[in-house]
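Below you'll find the structure, written out as C-alpha cells, and then a few comments.
Note that the numbering runs from 1 along the sequence shown for the chain. Computed from heavy atoms alone, side chains included, the values below leave out hydrogens, waters and symmetry copies. Because the structure is predicted, anything quoted here is derived from the model rather than measured.
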Amino acid sequence: MKSPLLSLPGAVPAEGVDEDVAGHYGDLFREQRALADGAGFVDLSHRGVVTVSGEDRLSWLHLLLTQHVSDLAAGQATEALILSAHGHIEHALYLVDDGTTVWAHVEPGTREALLAYLESMKFFYRVEVADRTADTAVVHLPAGSIAPAPAGVVVRETAYGRDLFLPRADLESFAEQAGPPAGMLAHEALRVEHHRPRLGFETDHRTIPHELGWIATAVHLQKGCYRGQETVARVQNLGKPPRRLVFLHLDGSEVLLPPAGTELRVADEDPDGRKIGFITTSVRHHELGPVALALVKRNVPVDAPLMADSTAAAQEVVVEP
C-alpha cells in the first residue's frame, strides 16, 4: 500500500521493506536536524496495524508476549516480542491500550504471520483480533514536537516521540499542517544513534533478545508463561548470548557506506581471516557522520578496531560482553 505522501515535492521512495514511503524529501540532513529539534513528522503508513479488543485482551496478550501487559494502563506505551519455542525473535510489537482496545504497529510484511498466530491462540478467550492496516496509518512525531494530535486519534507516546494511529483517509490533510516531512533515512539515522534494534534489520532467524539489548525494553524478566521463556531465563541466569549489538563509528573518508550484511573482521588480522560479525544497519548521521549498528561475537574485545571490507570501524558498546 503505497503512501499518498510519495506525491509530495522532492519525495524519493525508500528501499527494501520501506519502499512504500519516502526515503527522503530532497535533503537528508535537514530532515534529520528537524526531527532532532522536535519538528516535522515521519510517514510510517507502510507499517502494519493490528488491534486486540475484548474483555480478556490484556490477560490473553500477557500469556503470549515477552512483556508484562496484564495490568497495562490506558495510554501507557510499551513494546513486546513474540518468540519461537527456542527463544528466537519472531515478531516485535509496539503497543498502547486506549482503555478498550490494544493498538500495535509492526514491521511491514509481518502482520499476516502475526495475525495468523494470534488467531490460532484465541481458544476460549474473549478477544477479537483485527487487521486495521487498510484504514489506519502510523505517523511519527519526534520527541519535543508540540504539534497537536488530531482529536480522537490513539497516541503512543515514548521517550523518542509520539506514534499516532491516524485514519488513513486523513493522512494527506494531516501532512499539510504537521510541519516539514522527514523520510525514513532520517528516521533510521536517529534510530541508529539511539542504538534501537529493528526486527528484520538487527535480527536474523537465530537472534535472541539478549543480543540486542531488547531485554531492557521489551522483556519482563519476572514473568513466565510465554513461548520461549525458558531460553530467556536460561541465558539471563546461567550464561551469555553468543553475539552482542555494537554501535560503530565508520571511517568518514569512504564514499560509500558498507551495506547491511557486510562482514566484519578485526583490523589487525588477515583480510581473509575469520569473520567476527556483520553490519546490520548503516546510515549517515547529521552530526556523527557515517555510523552503523552491527552484531559481533560476544568475545570480540570491546576496544578492538574493526574492518567492514575496506572501511575502518571503531566500536561503542551497546550490549555488554
Side-chain angles (χ1 to χ4, degrees), residues 1-49 92 94 105-110 133 136-147 149-150 156 158-166 168 170-202 247 250 252 255-260 279-293:
M1 188 178 296
K2 288 193 178 297
S3 172
L5 302 191
L6 284 170
S7 64
L8 291 178
V12 175
E15 298 179 350
V17 298
D18 296 326
E19 65 182 359
D20 288 337
V21 295
H24 64 85
Y25 295 89
D27 192 336
L28 168 61
F29 291 150
R30 177 190 59 76
E31 294 165 30
Q32 282 188 39
R33 286 191 291 269
L35 291 180
D37 290 340
F41 71 96
V42 183
D43 176 13
L44 300 179
S45 62
H46 62 316
R47 292 182 66 83
V49 177
Y94 299 85
H105 63 79
V106 299
E107 288 294 335
T110 66
T133 310
T136 306
V138 179
V139 174
H140 176 75
L141 298 176
S145 170
I146 59 173
R156 181 180 177 273
T158 73
Y160 304 104
R162 289 173 288 159
D163 299 332
L164 311 185
F165 292 88
L166 189 73
R168 191 170 290 274
D170 296 342
L171 182 57
E172 290 179 274
S173 60
F174 176 83
E176 292 176 359
Q177 52 83 37
M184 284 301 300
L185 291 177
H187 189 258
E188 284 289 277
L190 299 188
R191 177 181 72 82
V192 170
E193 176 192 6
H194 294 126
H195 308 163
R196 298 173 63 208
R198 184 177 172 190
L199 183 77
F201 287 64
E202 279 60 59
F247 179 77
L250 303 173
V255 175
L256 299 176
L257 287 171
I279 298 282
T280 59
T281 305
S282 58
V283 298
R284 295 192 186 277
H285 190 276
H286 71 289
E287 289 183 341
L288 302 174
V291 291
L293 293 175

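Using a 4.5 Å heavy-atom cutoff, the side chains of Phe41 and Leu5 are in contact. At a threshold of 4.5 Å between non-hydrogen side-chain atoms, the residues Phe247 and Val192 count as touching. Within the 4.5 Å cutoff, the side chain of Val283 has no heavy atoms near those of the Leu185 side chain. Pro9 is not listed as a side-chain neighbour of Tyr25, based on a closest heavy-atom distance of 4.5 Å or more.
Of the inter-residue distances, the one linking Leu293 atom CG with Glu202 atom CD reads 5.0 Å to the nearest 0.5 angstrom. The CG atom of Leu28 sits 10.0 Å away from atom NE2 of His286, with the distance rounded to the nearest 0.5 Å. The line from CD1 of Ile279 to CZ of Phe201 is 14.5 Å long, rounded to the nearest 0.5 Å. Here Ser3 contributes atom OG and Glu19 contributes atom CD; the two are 13.0 Å apart, rounded to the nearest 0.5 Å.
A donor-acceptor pair is defined here as one N or O able to donate and one able to accept, closer than 3.5 Å; such a pair exists between the side chain of Ser282 and the backbone of Pro258. In terms of modelled atom types and a separation under 3.5 Å, the side chain of Arg284 and the main chain of Val291 share no donor-acceptor contact. For Arg33 (side chain) and Glu287 (main-chain N/O), no donor-acceptor pair under 3.5 Å exists by modelled atom type. Without hydrogens or angle criteria, Gln32 side chain to Ala186 main chain gives no donor-acceptor distance under 3.5 Å. In terms of modelled atom types and a separation under 3.5 Å, the side chain of Asp43 and the main chain of Ser45 share a donor-acceptor contact. Of the possible polar contacts, none joining the Glu31 side chain to the His24 backbone as a donor-acceptor pair under 3.5 Å is found. Listed for the Thr136 side chain is no donor-acceptor partner under 3.5 Å among the backbone atoms of Phe165.
The nearest pair of heavy atoms linking Pro290 to Leu257 is CB-CD2, 3.5 Å. Listed here is the closest heavy atom pair of Leu190 and Ala36: CD1-N, 4.1 Å. Residues Arg191 and Pro197 come closest through the heavy atom pair NH1-C, 3.7 Å. Considering all non-hydrogen atoms of both residues, Leu6 and Pro13 come closest at CD2-CA, 4.0 Å. Here the closest non-hydrogen pair linking Pro180 and Arg30 is CB-NH1, 4.1 Å.
Val138 pairs with exactly one of Leu44, Val21, Leu166 by the side chain to side chain contact (heavy atoms under 4.5 Å, CB included) rule, that one being Leu44. Remark: of the listed residues Asp18, Asp20, Thr133, Asp18 is the sole one forming a side-chain hydrogen bond (donor to acceptor under 3.5 Å, both in side chains) with His46.
Within a 6.0 Å sphere centred on CD of Gln177, other residues, nucleotides and ligands contribute more than 12 heavy atoms.
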*Evaluate salt bridge (Lys or Arg N to Asp or Glu O under 4.0 Å) for Glu188 paired with Arg198, printing each intermediate quantity in order.*
CA-CA 10 Å; Glu188 284 289 277; Arg198 184 177 172 190; 3.4 Å; yes
*Going through the checks in order, is the side chain to side chain contact (heavy atoms under 4.5 Å, CB included) test met by His140 and His187?*
CA-CA 9 Å; His140 176 75; His187 189 258; 3.9 Å; yes
*Chi angles and distances behind the side chain to side chain contact (heavy atoms under 4.5 Å, CB included) call for Val139, Asp163*: CA-CA 6 Å; Val139 174; Asp163 299 332; over 6 Å; no
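Looking only at atom types and distance, the side chain of His105 has a donor-acceptor partner in the side chain of Arg47 under 3.5 Å away.
Judged as a salt bridge (Lys or Arg N to Asp or Glu O under 4.0 Å), not a single pair has a partner in residues 171-185 (not counting sequence neighbours).
With Tyr160 as the aromatic partner, Arg196 meets the cation-pi criteria of under 6.0 angstrom to the ring centre and within 45 degrees of the ring axis.
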